[in-house]
Amino acid sequence: VAKNTVTLQPRRGDAITLKATSTSRIHKDNIEPASLSDLKVGDTVLAVRFDPNTLEIERLVAKSPKTEEAQGIVSAVNAAQSTFTILPANRPEPLTLTVNAASKITRDAVAATLANVAVGDIVEDVEFTEGTLVVTGLVVLSRARATGVVVEFAGTIESFADTQVVVSGQKVTTNAQTELKGQPQVGASARVEALVQADGSLLALEVNVSQRRGPPEAQAARVRLMGTIESVSASEIVISGKKVVIDSQTEVTGILQVGA
């Protein structure tokens with residue numbers, strides 16, 4: 001955004017720079033009239049009409065980006081790329097965010113930079129812009145300063161034993177007081193509520209296991225297939241060109257025969 005121009009990046013194609021004039025009608029966040037100076041980098045343009053010859057704006061409607069929040073544990077930091085990843089409490093997958101010069105970061109109640117943030121830090125709160133995933137504010141605690149803090153995060157079970165479960169790289173101790181919901185197994189998703197101990201380790205208060213494995217597109221689903229049986233074997237049937245694998249656990253009602 002400049003004094004009299006604004007550059008838009010369409011979802012497809014090259015960026016285009018448009019001109020604002022005294023007759024341009026600009027709306028932002030349901031407020032009219034707005035001015036070009038009200039537009040900010042990262043705003044979403046909902047609609048725009050302009051003269052294709054002069055590129056002068058006739059009407060432009062925009063909205064401010066929505067801010068989201070998350071809490072969890074830092075699982076990776078890439079200072080060179082200005083990014084870090086957290087295991088959030090409210091999402092099933094890791095969340096990678098970007099910081100810039102405007103991002104405000106606090107670690108152990110002291111102003112910090114991404115270089116100060118470490119894997120395992122407790123994310124008390126992070127605010128970021130929807131879509132761009134650029135951080136506006138980040139508040140973290142080192143394990144040394146987080147004693148007694150309860151943290152929640154979600155991830156994938158990588159291993160488990162009688163007294164420990166590892167969820168997306170985070171080692172969590174379990175004991176007789178840990179409330180276990182579901183059956184732990186490698187590859188299953190789990191949501192963990194844990195207490196930070198004096199030595200920085202995590203003691204699980206609750207582990208909630210979901211049997212879902214992998215991304216949604218890779219999960220098994222129940223489907224109904226209707227058609228004509230074209231062939232039958234001990235391990236496979238073909239229904240209207242679709243191959244269906246069967247085994248000893250397959251429940252068959254009726255008689256499988258070609259033409260049925």
Could you verify whether a donor N or O on one side chain and an acceptor N or O on the other, from T96 and T83, lie under 3.5 Å apart?
-> no
Are a donor atom and an acceptor atom from the side chains of D121 and S142 found within less than 3.5 Å of each other?
-> no
Could you give me the CA-CA distance, side-chain angles and deciding distance for K3 and T5, then say whether side chain to side chain contact (heavy atoms under 4.5 Å, CB included) is met?
-> CA-CA 6 Å; K3 183 178 180 180; T5 63; over 6 Å; no
Hphob cluster co-occupancy, [X] + [Y], side-chain heavy atoms under 4.5 angstrom:
X    : Y    : value
V140 : F128 : yes
I86  : V77  : yes
V192 : L87  : yes

Flag the pair [X] and [Y] as a salt bridge only when some basic side-chain nitrogen lies within less than 4.0 angstrom of an acidic carboxylate oxygen.
X    : Y    : result
R191 : E152 : yes
K28  : D43  : yes
E158 : K171 : no
E56  : K19  : no

For [Y], is there any backbone N or O sitting under 3.5 Å from a side-chain donor or acceptor partner on [X]?
X    : Y    : result
D108 : V110 : no
D29  : S64  : yes
S233 : E236 : yes
R107 : N116 : yes
R143 : G200 : yes
S168 : T156 : yes

Does CD in Q81 sit with more than 12 non-hydrogen atoms of other residues, nucleotides or ligands closer than 6.0 Å?
-> no
Around atom CG of D162, are there more than 12 heavy atoms of other residues, nucleotides or ligands at under 6.0 Å?
-> no
Is any side-chain heavy atom of E124 closer than 4.5 Å to a side-chain heavy atom of L141?
-> yes
Full working for side chain to side chain contact (heavy atoms under 4.5 Å, CB included) between I26 and L36 | CA-CA 7 Å; I26 298 176; L36 198 64; 4.1 Å; yes
Given E127 and K104, is the salt bridge (Lys or Arg N to Asp or Glu O under 4.0 Å) satisfied, shown in steps?
-> CA-CA 10 Å; E127 294 185 353; K104 296 181 179 180; over 6 Å; no
